[in-house]
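Once you've had a glance at the structure underneath, I'll fire off some questions.
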There are 2 protein chains.
Amino acid sequence: MRSASEDLTTRARIRDAAVLRFARSGFGASLRAVAADAGVSPALVVHHFGSKERLHAACDEHVLAWIREAKRENLAAATSGRLVEVLASAEAQFAPMVGYVLRSLQDGGAVGRAFVEQMIADAEQYTAEAVEQGLARPSRDEKARVRYLVLSALGALLLSLTLDPPSDPQDVGAAVRRYLDQMALASIELYTEGFLTTHRMLDDYLAYAPDPPG
Amino acid sequence: MRSASEDLTTRARIRDAAVLRFARSGFGASLRAVAADAGVSPALVVHHFGSKERLHAACDEHVLAWIREAKRENLAAATSGRLVEVLASAEAQFAPMVGYVLRSLQDGGAVGRAFVEQMIADAEQYTAEAVEQGLARPSRDEKARVRYLVLSALGALLLSLTLDPPSDPQDVGAAVRRYLDQMALASIELYTEGFLTTHRMLDDYLAYAPDPPG
DNA sequence: TAGCGTACTGAACATGCGTTCAGCCAGCGA
DNA sequence: TCGCTGGCTGAACGCATGTTCAGTACGCTA
C-alpha cells in the first residue's frame, strides 16, 4: 500500500486520479477532467466503472478502506483530537485522502458520515478509558458529550478550511496543521479550565431539563 | 419588513424566490427553477439581474442587510451561542434566511464569511464584558479563543445538519432547535467544568510554545 | 389618438455534461 | 497466418444549463 506508482491497473490509475480530482475540485468535477488527469479517454472511465455515480462509490469504498487501514496502524495515538493530527501529518501521498474526506463531510456523502460515526465510536471508548483512569471528568450524558466533542472539532476544522481555503488545494495537510497550531491553545485551555466561572448556567439547565440520558 | 407579501416589485419577488430556492437546493439550483418558483420566465430574471452570478450577489446583499437588521433588533440577547438560537426561533418567514446562511457557510460564499466575521467581532465584545464581570475566565489569547469558540459552535451545527439533513428542507429552524436541544447539556458542561481533570496537557503546551498572542 | 419606453415572453443558441456506440488495435491461442 | 477477445478511442447523442434576441403587451406622456 506504499505508493501510487505507475505500474497499476488502468482501472486503479483512473480511481486514484478521481480521488485526487474530487479532493481538489469537489464532486462536481467532470468525468472528462478525471479522464484527462488519468491520461485516458472519457469513454474508458465509464467502460471501467459504468457511470460517474459508480465511480464516486468506488472512490468512497477505496478511501474508507484506506481509513480503516490507517486507523489500525495508528490505534495507539488515535484519540479523538489526535487522529486528525495523525492524518494531517501523514505522508504527502495521503493528503488527497484527507482532502477527499473533507469534501465528503462538506456535502454529506457516505464517506463523511461513516468517518464521523467511526470517530464517535472510537472516541466513546477512549473517553470511557480516560474517565476510568481519572484523566477526564465524567459526563451526565457520555454519548451526547462525545458526539458534541467530535462534531465540534471536525466542524470547526471543516468550516475554517471552507471559509479560508488553502490557495494551493494540493496541500490540505499543511492547512490542517496550520489550523491546529492556531487552535491548540484555545482548545486545551477550554478543555482543562472551562469557560465560565460559576455553575449557575449548568444548574439552571439541570433544573429545567432534568432527564438527560433519555 | 414584515411580510413577503404579494404586492412587491417583480424584481423583489424574483429575489425572494431565489433566496428560498438557494436555501433549499443550494447554489447549484438552476435559473429556470428560480424563475418557475417566482412564476416568471427565465429570460425575465436575467433581464432584471443580468446574470445568475449577479442574482447570487443580490441575494447575498439582501441577506446580509437582513442580518444586520436582525442583529440590531436583538442586540441584547445576541451572545455568541444565543444568536443562533434567536435566529432559529425567529418567525417561520425567516427560516429561508437561516437556510441561506448555512448554504453560504457550506460553500464558503461571501455571506458565510461575513457572517462569521460579524459573529466573531460581536463575541469578542461580549466575552470581554463577561471576563470583566467575572463571569468568564480570562484567556491567554482572547482573540484566538473567541475565534475557536465561534468556529466550533457554528461548525458543529453546520456539520450536523449536513450529515443528517432535515427531511423537509422547509424547516431548517426546527432542525436547528432540535440540534441545540441535543447539544445543550454537553456544551454547558464543557463550558463550566471543562473536560480534563489535570493541568498537565496545558502546562506541557505552554512550556512547548511559550508566546501565544504573537 | 399616437408614440414611446418598459416589463415581459417564447424560441433559439452555444456550451458542457454524462453516456453510447461502432470500430481500432495489440496480444494470443489455434 | 487467421481469428478473436478485450482494452481503448473518436465521434456522436440527448439533455440541461446560462444567455440572447426579436417581438408582444401594457401604461404613460403629449
Side-chain angles (χ1 to χ4, degrees), chain A residues 4-63 100 103-104 106-111 169, chain B residues 4-63 100 103-104 106-111 169:
Chain A
S5 63
E6 48 282 341
D7 54 298
L8 286 175
T9 315
T10 304
R11 191 189 140 96
R13 267 188 21 242
I14 295 175
R15 194 228 308 118
D16 289 354
V19 168
L20 200 69
R21 180 90 269 156
F22 287 153
R24 288 194 208 175
S25 314
F27 295 106
S30 70
L31 268 190
R32 284 172 167 82
V34 172
D37 290 352
V40 131
S41 75
L44 188 61
V45 6
V46 355
H47 170 72
H48 278 298
F49 293 93
S51 71
K52 185 186 182 180
E53 193 181 348
R54 297 233 292 275
L55 172 64
H56 187 159
C59 291
D60 277 12
E61 203 170 339
H62 182 62
V63 171
Y100 190 96
R103 289 286 182 191
S104 190
Q106 200 166 19
D107 75 8
V111 165
Chain B
S5 63
E6 48 281 342
D7 54 299
L8 286 175
T9 316
T10 304
R11 190 189 140 96
R13 266 186 24 240
I14 295 175
R15 195 232 302 119
D16 290 353
V19 168
L20 201 69
R21 180 90 270 155
F22 288 153
R24 287 194 208 176
S25 313
F27 295 107
S30 72
L31 267 189
R32 283 171 168 83
V34 172
D37 289 353
V40 131
S41 75
L44 188 60
V45 6
V46 352
H47 169 74
H48 278 298
F49 294 91
S51 70
K52 185 186 182 181
E53 193 181 348
R54 298 234 293 275
L55 172 63
H56 187 159
C59 290
D60 276 11
E61 202 170 341
H62 181 62
V63 171
Y100 190 96
R103 289 285 181 192
S104 189
Q106 199 166 18
D107 75 8
V111 164

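Just so we're on the same page: letters track the sequence lines, and every chain starts at 1.
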Of all the heavy-atom pairs spanning Arg54(A) and Phe49(A), show the shortest one and how long it is.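 Arg54(A) and Phe49(A) have their closest heavy atoms at CB-O, 3.1 Å.
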Value rounded to 0.5 Å, distance of CZ in Phe22(B) from CZ in Arg103(B):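 If we round to the nearest 0.5 Å, Phe22(B):CZ and Arg103(B):CZ are 11.5 Å apart.
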Give the B/S/- string for nucleotides 9-20 of chain D, one per nucleotide from 5' to 3', where a protein heavy atom under 4.0 Å of the base yields B, of only the sugar-phosphate yields S, and otherwise -. BB-B----BBBB
So which heavy atom on Arg21(A) is nearest to which on Ala29(A), and how close?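 Scanning both residues completely, I find the closest heavy atoms to be CG-CB, 3.7 Å.
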Closest contact, heavy atoms only, Ala38(B) versus Arg13(B):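 Residues Ala38(B) and Arg13(B), closest heavy atoms: O-NH2, 3.1 Å.
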Between Phe49(B) (CZ) and dC8(C) (C1'), how many Å, whole number?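 Rounded to whole Å, this separation is 15 Å.
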So do the side chains of Asp16(B) and His62(B) get within less than 4.5 Å of each other, counting heavy atoms only?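 A side-chain contact exists here, since the closest heavy-atom pair is under 4.5 Å.
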Ignoring hydrogens and angles, tell me if any N or O in the side chain of Gln106(B) forms a donor-acceptor pair with the backbone of Asp107(A) under 3.5 Å.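 Not a single qualifying donor-acceptor pair exists.
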Taking Ala12(A)'s backbone N and O only, do any of them form a donor-acceptor pair with Thr9(A)'s side chain (distance below 3.5 Å, no angle check)?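 Checking the backbone N and O of Ala12(A) against the side chain of Thr9(A), no donor-acceptor pair under 3.5 Å is found.
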Find the bend of the helix from dT1(C)-dA30(D) to dA30(C)-dT1(D) as the angle between its two terminal axes (five pairs each), to the nearest 10°.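 Roughly 20°, once rounded to the nearest ten degrees.
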Whole angstrom value for the distance that separates C1' of dT9(C) from CD1 of Ile14(B):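 Rounded to whole Å, this separation is 12 Å.
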Heavy atoms only: give me the nearest Val34(B)-Ala17(B) pair and the separation to one decimal.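 Closest pair (atom of Val34(B), atom of Ala17(B), distance): O-CB, 4.2 Å.
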